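What you see is a predicted model; the values in this text were computed from it and never measured. Note: hydrogens, waters and symmetry copies are ignored here, and every other heavy atom, side chains too, is used.
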Amino acid sequence: MNHVRLYIDEDAMDTGVVRGLRARPWNYGIDVMTASDVGMICRTDEEHLSFAAAQGRALYSFNVRDFPGIHSDWMAADRDHGGIILAPQQRYSIGEQIRRLLKLIASVSAEAMRNRQEFLGSW
């Protein structure tokens with residue numbers, strides 16, 4: 001199975017979450033890139049999703065207000081992306097975010113995540 005690769009926007013790039021995901025053994029298939037890693041700080045939501053899509057990565061964000069609409073707009077325009085994973089800010093601890101993201105990554109292939117929107121609470 002081709003694992004989901006993550007792009008974490010600046011809203012969600014808590015260093016504890018990023019460090020925790022990166023500390024996992026490589027056999028989990030965790031590949032994490034942050035907005036800070038690639039100089040994408042202070043960019044629009046569209047730019048973050050476009051970057052993630054170009055990299056073949058699922059975007060992880062706390063922006064539950066805007067991304068559902070952006071996702072709908074992209075689907076209506078027949079634009080592809082690597083998936084969107086959303087969580088309300090300050091709802092989950094660092095450990096809970098890591099556990100839920102790992103469960104999603106272990107359960108859903110990159111192909112199945114394509115053009116899909118998931119809420120972390122479902123995992």
Sequence neighbours excluded, the answer for salt bridge (charged side-chain N to carboxylate O under 4.0 Å, His left out) partners of R79 is E46

Using the test side-chain hydrogen bond (donor to acceptor under 3.5 Å, both in side chains), find all partners of [X] that sit at least two apart in sequence or belong to another chain.
X: R99; answer: E96
X: Q117; answer: none
X: R19; answer: T15
X: S122; answer: none

(request) Under the side chain to side chain contact (heavy atoms under 4.5 Å, CB included) rule, what do H48 and L59 come out as? Steps first, then yes or no, please. (result) CA-CA 8 Å; H48 284 293; L59 180 140; 3.7 Å; yes

Taken in chain and number order and not counting sequence neighbours, the residues that satisfy side chain to side chain contact (heavy atoms under 4.5 Å, CB included) with S72 are none

Those residues at least two apart in sequence (or on a different chain) that pass side chain to side chain contact (heavy atoms under 4.5 Å, CB included) with A54 are none

Only one of V108, L104, V4 passes side-chain contact (heavy atoms from CB on, under 4.5 Å) with E118, and that residue is L104

Residue pairs passing the salt bridge (charged side-chain N to carboxylate O under 4.0 Å, His left out) test with at least one member in residues 57-78, sequence neighbours excluded, are D31-R57

Residue pairs meeting salt bridge (charged side-chain N to carboxylate O under 4.0 Å, His left out), one or both in residues 9-18, sequence neighbours left out, come to none

Of all heavy-atom pairs linking I98 and G16, the shortest is CD1-O, 3.9 Å

Interatomic distance, OG@S107 vs CE@M113, rounded to 0.5 Å, equals 11.5 Å

Under 30°, 30 to 60°, or over 60°: which ring-plane class applies to F51 and Y7, parallel, tilted or perpendicular?
tilted

Side chain to side chain contact (heavy atoms under 4.5 Å, CB included) evaluation trace for V32 with Y60: CA-CA 10 Å; V32 180; Y60 177 53; over 6 Å; no

Query - Expected output: side-chain R5 to main-chain M33 donor-acceptor under 3.5 Å - result: no

Y92 meets the ring pair (Phe, Tyr, Trp, His ring centres under 6.0 Å) criterion, sequence neighbours left out, with none

